[in-house]
Number of protein chains: 2
Amino acid sequence: MHTVLKWFARHRSTILYTVLLAILLFLIRWLELRFIVLNYALEFYIGGVAILFTALGIWLALKLSRPKINTVVVEKEIYLHRSPEFTINEKELEKTGLSSRELEVLQLMAEGLSNQEIAAKLFVSLSTIKTHSSKVLEKMDVRRRTQAIDKAKKLNIIP
Amino acid sequence: MHTVLKWFARHRSTILYTVLLAILLFLIRWLELRFIVLNYALEFYIGGVAILFTALGIWLALKLSRPKINTVVVEKEIYLHRSPEFTINEKELEKTGLSSRELEVLQLMAEGLSNQEIAAKLFVSLSTIKTHSSKVLEKMDVRRRTQAIDKAKKLNIIP
DNA sequence: CTCAAAATCAGTCTTTAGTATGAGCGAAAA
DNA sequence: TTTTCGCTCATACTAAAGACTGATTTTGAG
């Protein structure tokens with residue numbers, strides 16, 4: 001029952017158009033009879049249909065065309081201060097989306113360990129640490145581990 | 001003569017549509033005769049016209065309507081820092097034996113810059129920065145720049 | 001002026017970092 | 001139950017860092 005409603009919601013435009021078409025076809029049929037019975041000029045009838053469907057097409061296009069998205073970047077300044085007693089900034093940590101393992105790797109990075117050394121310390125392969133470190137860089141939106149360390153320290157994600 | 005051309009340019013779409021309509025009316029007239037003569041079903045003819053003009057309407061709307069623009073505001077966060085009480089530890093700095101240029105390079109390293117970026121910032125070649133960075137690592141008795149940064153921060157040589 | 005240290009640059013080579021892609025597995029969520 | 005996600009690992013590749021050698025030019029203290 002739930003899915004049926006969703007389906008209707010998703011295809012609302014299509015359904016609307018189909019129903020409209022059906023109504024129009026009935027209208028056409030009715031008009032046709034009238035015109036034929038009254039022996040009016042066929043051109044008027046055709047012209048009417050043409051105008052009607054042109055309007056319908058315009059309406060459809062305007063309804064369905066997706067708007068262009070114009071992105072405006074606004075810079076927002078955030079002031080942080082580092083205190084001697086380190087308390088982890090949970091909010092900033094969550095914003096990065098780092099997993100616990102990735103945070104662990106980041107911390108060891110900040111201590112100056114190489115990937116190989118981190119791998120040895122955590123008893124995993126070098127490949128694993130490379131994957132983690134790549135994820136860390138990606139999630140922190142930086143290109144080098146030194147940048148990641150700098151940013152993490154400024155955000156109070158690591159001591 | 002000049003203004004006439006401009007007028008044409010400005011109303012190009014309208015003119016195009018008008019001409020198209022005229023052509024279509026001729027087509028309709030011709031089709032009409034054919035269909036009537038051949039006694040085809042009128043519904044097919046009407047349907048064709050409807051589809052044609054719906055398409056025309058859609059095309060027209062897309063051509064002539066100015067695009068909808070949705071402005072999306074994206075906030076970009078910039079982190080600024082107040083580190084009120086950083087005082088460089090001169091004694092530790094002297095112990096390392098770092099020259100002023102080497103310290104400069106070390107500071108830029110700590111900000112996450114690559115050697116190439118540091119070279120660009122200081123208007124010297126990559127080779128020079130490599131030499132400096134090697135000297136820094138040697139004088140600080142470490143093997144990686146991340147270690148040098150960590151150590152320098154702990155010794156209060158850099159903020 | 002002279003000399004040593006600092007700063008500059010180049011070339012070659014090895015190591016480490018980082019990217020891209022794919023895949024297997026297990027736990028938790030939908 | 002299927003999907004999703006975190007963790008693991010691998011291969012192949014490119015980019016960057018670092019080591020080593022050797023060189024020229026600047027510069028500042030004696």
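The chains referred to below are lettered A, B, ... by the order of the sequence lines, with proteins before strands, and numbering in each begins at 1.
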Without placing hydrogens or testing angles, list every side-chain donor-acceptor pair under 3.5 Å for residues 86-93 of chain B, not counting sequence neighbours.
residue : atom : partner : partner atom : Å
B:N89   : OD1  : B:K91   : N            : 3.3
B:N89   : OD1  : B:E92   : N            : 3.2
B:E92   : OE2  : B:K95   : NZ           : 3.4

Enumerate the residues from residues 107-135 of chain B whose closest heavy atom to DNA chain C is under 4.0 Å, giving them by residue number; use none for an empty result.
B:V124, B:S125, B:S127, B:T128, B:T131, B:H132
Axis-to-axis angle between the two ends of the helix from C:dC1-D:dG30 to C:dA30-D:dT1 (five base pairs per end, rounded to 10 degrees):
60°
Per nearest nucleotide of DNA chain C, the residue lying toward the 5' end, A:T146 or B:G97, is B:G97
D:dA16, OP1 or OP2 - any side-chain N/O from A:R144 closer than 4.0 Å?
no
Is there a donor-acceptor pair closer than 3.5 Å between any side-chain N or O of A:S134 and the backbone N or O of A:T131?
no
From CD1 (B:I149) to CD (A:E111), nearest 0.5 Å:
14.0 Å
Could you tell me the boundaries of the chain A footprint on DNA chain C, defined by atoms under 4.0 Å from its heavy atoms?
C:dA17 to C:dT19
Side chains of residues 102-109 of chain B: which donor-acceptor pairs under 3.5 Å do they make with residues two or more places apart or in other chains?
residue : atom : partner : partner atom : Å
B:E102  : OE1  : B:S99   : N            : 2.9
B:E102  : OE1  : B:S99   : OG           : 3.3
B:E102  : OE1  : B:K139  : NZ           : 2.8
B:E102  : OE2  : B:K139  : NZ           : 3.4
B:E104  : OE1  : B:R101  : NH1          : 3.0

Can you give each donor-acceptor pair under 3.5 Å made by side-chain atoms of residues 151-159 of chain B, sequence neighbours left out, with the distance rounded to 0.1 Å?
residue : atom : partner : partner atom : Å
B:K151  : NZ   : B:M140  : O            : 3.0
B:K153  : NZ   : B:P159  : O            : 3.0
B:K154  : NZ   : B:D150  : OD2          : 3.1

Restricting to non-hydrogen atoms, name the atom on B:L137 and the atom on B:A148 that form the minimum distance, rounded to 0.1 Å.
CD2-CB, 3.9 Å
Closest non-hydrogen atoms of B:T146 and A:G112, given as atom of the first, atom of the second and distance, are OG1-CA, 3.4 Å
Gap between atoms CD and P, on A:E138 and D:dC7 respectively (whole Å):
14 Å
How many whole angstroms separate atom CD of A:Q147 from atom P of D:dA17?
10 Å
When you group the ILVMFWY residues by side-chain heavy-atom contacts below 4.5 Å and let the links chain together, are A:V136 and A:V142 in the same group?
yes
Are side-chain N/O atoms of B:T128 and B:S125 paired as donor and acceptor at under 3.5 Å?
yes
What's the verdict on side chain to side chain contact (heavy atoms under 4.5 Å, CB included) for B:Q116 and B:I129, showing C-alpha distance, side-chain angles and the deciding distance?
CA-CA 8 Å; B:Q116 187 65 73; B:I129 300 304; over 6 Å; no
